[in-house]
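First listed ligand is number 1; within each ligand, the first listed atom is number 1. Side-chain atoms are counted along with the backbone in the values below, which use heavy atoms only and exclude waters and symmetry mates.
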Amino acid sequence: MKVAILGGGPSGAFAAERLASAGVRTVVFDEKLAWEKPCGGGLTWKAYSQYPFLQQNDTPKKIVTETNLSAPKSQPVTLALDRPLLIYSRFDLNNLLLDRAQHAGAQIEKDRVLNIERTGSGWNLRTKTGTVDADYCILATGARNPLRDFGTELTASDTMSALGYYVPGDRQKIDIQFLPGLEGYIWVFPRCGHLSVGICGKGETAAALRVRLERYMAEQGISRDGATFYSHLLPCLDTPAWKRNRVAGDGWLAVGDAAGLVDPITGEGLYYAMRSADLATQAILADTSEDIGLAYRKALRRDFVHDLEFGSRLANRVFHGTFLWGAVTSRMVQFTRLSPKFRDVMQDLFAGTQPYVGLKKRLFRNLNGSLIEIVCNLGFGRLVPGRDPA
Ligand SMILES: Cc1cc2nc3c(=O)[nH]c(=O)nc-3n(C[C@H](O)[C@H](O)[C@H](O)COP(=O)(O)OP(=O)(O)OC[C@H]3O[C@@H](n4cnc5c(N)ncnc54)[C@H](O)[C@@H]3O)c2cc1C
């Protein structure tokens, strides 16, 4: 069997490594190969504990152990990350993954796929430089997938804009800033040699997000001198879109952003890109009579899609909801400062180990304890509107 992988980002490169390691003839096409794809580059503990090579390698990366959280009407708080976040430049991360694929025996082609056509039980791929035959296709072309008949059909309500600047500078901590009325947030991610300062938001134009980000940068004294602007799409599927999501068809599977597999609250996509690639290759390599597409769909759902779909139902509540007369995001920041029990939940969320299914239950189970901790620290009076706990 020969598998063609369209796209050599984290999902495509990792799928290639897995297939080639198992002895499958694998060819990857990417028009750019390793490049600085617009991204924060943050990898959670969930990602590098499952795929330890992401941590254990010589590729430059920043290991971050603290994050500042800020929201309107609440003082910022610093959260210690008991399981650090790794932050890569995307050029370095893509390079690492493509190198591994090549060492495993995959053929890597710098070429753009223009079209794919079914030919009996196989495929004919038309690229910028010629044509290639394959038995199976993995679509890993990212959020701007140009092959409209394959992969997730992203509508405007299933995406958000994400943009920012690579800014010269160095820091040790992450900054996360929630903003009034925004289903999204601003981040400042320290990387080796520069910062990735960005914003993502659902339901707002890229121009409006850029204004918000530039205002924030000016307020924080982050200069745009020498900075490089970036922008891209981020899949952010609405709940109904998870139900109809087109992740597989006759002779093909879609992985990563091309399959819409991004956390609809945090925008985390790197782990899901690699995990979906892993599950896709397991379905292809499985020695059973089950249909590959069906096996992949089932595996995705069991593994993380059910949880992300549940997350899509929570997103509106997290970013636009209120709790105890204040915005949920502001309460999150205040509770993080005042309640050790709540801090534990936040640490698990940053590590990627707290599923959305079960989050509400855990929060309510802890609520009494958290409120007692807060009242002990401050007194309930400070949780009323307009009075920020100091
Ligand atoms: C601004 C921003 C910040 C983000 N920050 C984070 C973060 O901090 N942490 C996190 O986990 N996730 C983050 N994400 C999400 C993350 O970037 C994506 O989920 C991840 O890149 C998905 O990987 P992928 O391999 O599926 O797609 P991509 O990384 O987009 O790779 C797709 C590849 O396909 C190639 N390609 C496309 N079309 C063709 C074609 N026709 N022929 C050949 N090649 C083609 C492209 O060149 C590209 O290399 C962020 C996203 C954005 C936009």
Engineer: So if I count the atoms of ligand 1 from 1 in the order they appear, which ones are less than 4.0 Å from some heavy atom of Gly256?
Structural biologist: 26 (O)
Engineer: Specify side chain, backbone, both or neither for Cys39, according to which of its non-hydrogen atoms lie closer than 4.0 Å to ligand 1.
Structural biologist: both
Engineer: Please confirm whether Gly267 comes under 4.0 Å of ligand 1, counting heavy atoms of the residue only.
Structural biologist: yes
Engineer: Return the residue, atom name and 0.1 Å-rounded distance of the protein heavy atom closest to atom 52 (C) of ligand 1.
Structural biologist: Pro38 O, 3.5 Å
Engineer: Ignoring hydrogens and geometry, is there a side-chain-to-backbone donor-acceptor pair from Lys360 to Gly358 under 3.5 Å?
Structural biologist: no
Engineer: What part of Asp111, side chain, backbone, both or neither, has a heavy atom within less than 4.0 angstrom of ligand 1?
Structural biologist: backbone
Engineer: Could you please spell out the steps behind the ring pair (Phe, Tyr, Trp, His ring centres under 6.0 Å) verdict for Tyr356 and Phe310?
Structural biologist: CA-CA 6 Å; Tyr356 293 125; Phe310 193 82; 7.9 Å; no
Engineer: Is it the side chain, the backbone, both or neither of Pro235 that has a heavy atom closer than 4.0 Å to ligand 1?
Structural biologist: neither
Engineer: What protein heavy atom sits nearest atom 45 (C) of ligand 1, and how far away is it?
Structural biologist: Glu31 OE2, 3.9 Å
Engineer: Do any nitrogen or oxygen atoms of Gly41 lie less than 3.5 angstrom from nitrogen or oxygen atoms of ligand 1?
Structural biologist: yes
Engineer: Are Glu214 and Arg210 ion-paired here, with the side-chain N under 4.0 Å from a carboxylate O?
Structural biologist: yes
Engineer: Within a distance under 4.0 Å of any heavy atom of His232, pick out the atoms of ligand 1 and give their elements.
Structural biologist: 53 (C)
Engineer: With ring pair (Phe, Tyr, Trp, His ring centres under 6.0 Å) as the criterion, how do Trp123 and Phe150 come out once you've worked through the C-alpha distance, each side chain's angles and the decisive distance to 0.1 Å?
Structural biologist: CA-CA 13 Å; Trp123 293 95; Phe150 308 92; 5.7 Å; yes
Engineer: Is the cationic atom of Lys32 (NZ for Lys, CZ for Arg) positioned less than 6.0 Å from the six-membered ring centroid of Trp35 and within 45 degrees of its normal?
Structural biologist: yes
Engineer: What is the nearest protein non-hydrogen atom to atom 34 (O) of ligand 1, stated with its residue, atom name and distance?
Structural biologist: Gly7 CA, 3.3 Å
Engineer: Is Arg90 touching ligand 1 with its side chain, its backbone, both, or neither, if touching means heavy atoms under 4.0 Å apart?
Structural biologist: side chain
Engineer: Looking only at protein heavy atoms, which one is nearest to atom 24 (P) of ligand 1, and what is the separation?
Structural biologist: Ser11 OG, 3.3 Å
Engineer: Quick one: look up the protein heavy atom nearest atom 38 (N) of ligand 1 and list residue, atom name and how far away it is.
Structural biologist: Thr141 CG2, 3.5 Å
Engineer: Got the closest protein heavy atom to atom 4 (C) of ligand 1, with its distance?
Structural biologist: Gly40 N, 3.2 Å
Engineer: How does Pro10 reach ligand 1, by side chain, by backbone, by both or by neither, if only non-hydrogen atoms under 4.0 Å count?
Structural biologist: both
Engineer: Quick one: nearest non-hydrogen protein atom to atom 22 (C) of ligand 1, plus distance?
Structural biologist: Asp257 OD1, 3.2 Å
Engineer: Given that the side chain starts at C-beta and the backbone is N, CA, C, O, which of these parts of Leu234 lies under 4.0 Å from ligand 1, counting heavy atoms, or is it both or neither?
Structural biologist: side chain
Engineer: Ignoring hydrogens and angles, tell me if any N or O in the side chain of Arg362 forms a donor-acceptor pair with the backbone of Arg365 under 3.5 Å.
Structural biologist: no
Engineer: Can you confirm, on distance only, whether ligand 1 has an N/O atom lying under 3.5 Å from any N/O atom belonging to Gly269?
Structural biologist: yes
Engineer: Determine whether the aromatic ring centres of residues Tyr166 and Tyr230 are separated by less than 6.0 angstrom.
Structural biologist: yes
Engineer: For the backbone of Ala254 and the side chain of Tyr296, can you confirm whether one donor and one acceptor N or O come within less than 3.5 Å of each other?
Structural biologist: yes
Engineer: Could you tell me, atom by atom, which parts of ligand 1 come under 4.0 Å of a heavy atom of Tyr230?
Structural biologist: 1 (C)
Engineer: Salt bridge or not for Glu153 and Arg244, using N-O below 4.0 Å?
Structural biologist: no
Engineer: Could you say whether the N/O atoms of Leu233 and ligand 1 ever approach to under 3.5 Å?
Structural biologist: no
Engineer: Taking 4.0 angstrom as the limit and counting only heavy atoms of Ala140, give me the atoms of ligand 1 inside it, by number and element.
Structural biologist: 32 (C), 33 (C), 34 (O)
Engineer: Just by distance, no angles: are the side chains of Tyr48 and Gln56 close enough, under 3.5 Å, to form a donor-acceptor pair?
Structural biologist: no
Engineer: Heavy atoms only: give me the nearest Leu154-Pro235 pair and the separation to one decimal.
Structural biologist: CD2-CB, 4.3 Å
Engineer: Among all the protein's non-hydrogen atoms, which is closest to atom 31 (O) of ligand 1, and how far away is it?
Structural biologist: Gly9 CA, 3.5 Å
Engineer: Could you tell me if any non-hydrogen atom of Asp30 lies under 4.0 Å from any atom of ligand 1?
Structural biologist: yes
Engineer: Trp35 heavy atoms, cut-off 4.0 Å: which ligand 1 atoms fall inside?
Structural biologist: 47 (O), 48 (C), 49 (O)
Engineer: Can you tell me if Arg144 uses its side chain to pair, donor with acceptor, with the backbone of Thr141 under 3.5 Å?
Structural biologist: no
Engineer: Could you check whether any side-chain N or O of Tyr185 sits under 3.5 Å from a backbone N or O of Thr266, counting only pairs where one atom can act as donor and the other as acceptor?
Structural biologist: yes
Engineer: Suppose I only count heavy atoms of Glu268 and a 4.0 Å limit; which atoms of ligand 1 are within that range?
Structural biologist: 10 (C), 11 (O), 12 (N)
Engineer: So, is Gly42 polar-close to ligand 1, with some N/O to N/O distance under 3.5 Å?
Structural biologist: yes
Engineer: Numbering the atoms of ligand 1 from 1, which are under 4.0 Å from a heavy atom of Trp187?
Structural biologist: 1 (C), 3 (C)
Engineer: How about NE2 on His103, more than 12 heavy atoms from neighbouring residues, nucleotides or ligands closer than 6.0 Å, or not?
Structural biologist: no
Engineer: Any idea which atoms of ligand 1 are less than 4.0 Å away from a heavy-atom of Gly142?
Structural biologist: 27 (O), 30 (O), 32 (C)
Engineer: Can Asp348 and Arg83 be counted as an ion pair, charged N to O under 4.0 angstrom?
Structural biologist: yes
Engineer: Which is it for Arg275 and Asp303 under the salt bridge (Lys or Arg N to Asp or Glu O under 4.0 Å) test, yes or no, and what are the steps along the way?
Structural biologist: CA-CA 9 Å; Arg275 186 70 192 142; Asp303 201 279; 2.7 Å; yes
